[in-house]
Amino acid sequence: EDAEVVVRWTYWVDDGVDEKEDGWYDYDPGAGEIVEAKFQQWLQGSFDKAFSVKSGTFNYNVDFAHMQQQNLDLKTRKVRKILRHGQELRRGTCPENFVWCWRQEENGWRCAGGS
C-alpha cells in the first residue's frame, strides 16, 4: 500500500508571546525538515551536541537530549519544550476528491488535497 510517515516538529508556548494562546505551534516547514534530518543523525549517534536552526525570523539552539529549544536572538533567551509528531499518510483511503489522509494522535483522521 502507498503510505509514508510524515513528521512535523512543534514548540510549546505558555507565556503569551506574539499573543499566542498556550499550546504547541509548528516550526516553519523548512526548519522542520532541517530539525528532522538532524534528529535522524542524532538517533544514529552522529552527533551529541545541540545545533542552531532558523525558524521564522529567529535563530534557535535545539537540544534533542533535553527536547528543548532556546532563542538565540532575544535577550530573554527563552527555553521552550519541543515535540516530534509522526503522521501516517495513506493514498486511496480518503473520501472522494481527497488525495491524502493521515491520523493525528489527538485529533483522529484528517484529509487534504480536495479539489
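Only a predicted model underlies this, so the values are computations on that prediction, with no experimental measurement involved. Nothing fancy with the numbering, it's 1 onward along the sequence.
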If we only count heavy atoms from C-beta on, is the R84 to E36 side-chain gap below 4.5 Å?
yes

Using side chain to side chain contact (heavy atoms under 4.5 Å, CB included) as the criterion, point out the one residue from L72, L74, V53 that pairs with F58.
L74

Supply the atom-to-atom distance N71 CG to R77 CZ, rounded to the nearest 0.5 angstrom.
8.0 Å

Give the intermediate values and the outcome of side-chain contact (heavy atoms from CB on, under 4.5 Å) for residues W24 and K81.
CA-CA 9 Å; W24 293 100; K81 294 183 273 185; 4.0 Å; yes

Kindly work out whether a path of hydrophobic side-chain contacts (I/L/V/M/F/W/Y, heavy atoms less than 4.5 Å apart) joins Y25 to I82.
yes

Donor-acceptor contact present, side-chain D63 to main-chain A65, <3.5 Å
yes

Going through the checks in order, is the ring-ring contact (aromatic ring centres under 6.0 Å, His included) test met by F39 and W9?
CA-CA 10 Å; F39 182 72; W9 282 88; 5.2 Å; yes

Is any side-chain heavy atom of S52 less than 4.5 Å from a side-chain heavy atom of N59?
no

Pick out which of W12, Y11, Y27 makes a side-chain hydrogen bond (donor to acceptor under 3.5 Å, both in side chains) with Q69.
Y27

Short question: side chain of D18, backbone of K20 - any donor-acceptor pair under 3.5 Å?
no

To the nearest 0.5 Å, what is the distance between NZ on K49 and NZ on K38?
13.0 Å

Keeping the roles fixed (side chain from S55, backbone from A31), state whether a donor-acceptor pair exists under 3.5 Å.
no

Is there a side-chain contact between H85 and V7, using heavy atoms and a 4.5 Å cut-off?
no

Minimum heavy-atom distance D15-D22, with the two atoms named
N-OD1, 4.2 Å

Walk me through it: do F51 and F64 pass the test ring-ring contact (aromatic ring centres under 6.0 Å, His included)?
CA-CA 9 Å; F51 69 97; F64 295 127; 5.6 Å; yes

Point-to-point distance, once rounded to the nearest 0.5 Å, from CG of D14 to CD of E21:
13.0 Å

If we count only N and O atoms by modelled type, under 3.5 Å, do the side chains of Q40 and Q44 hold a donor and an acceptor together?
no

With clusters defined by side-chain heavy atoms of hydrophobic residues (ILVMFWY) lying less than 4.5 Å apart, directly or transitively, does V79 cluster with M67?
no

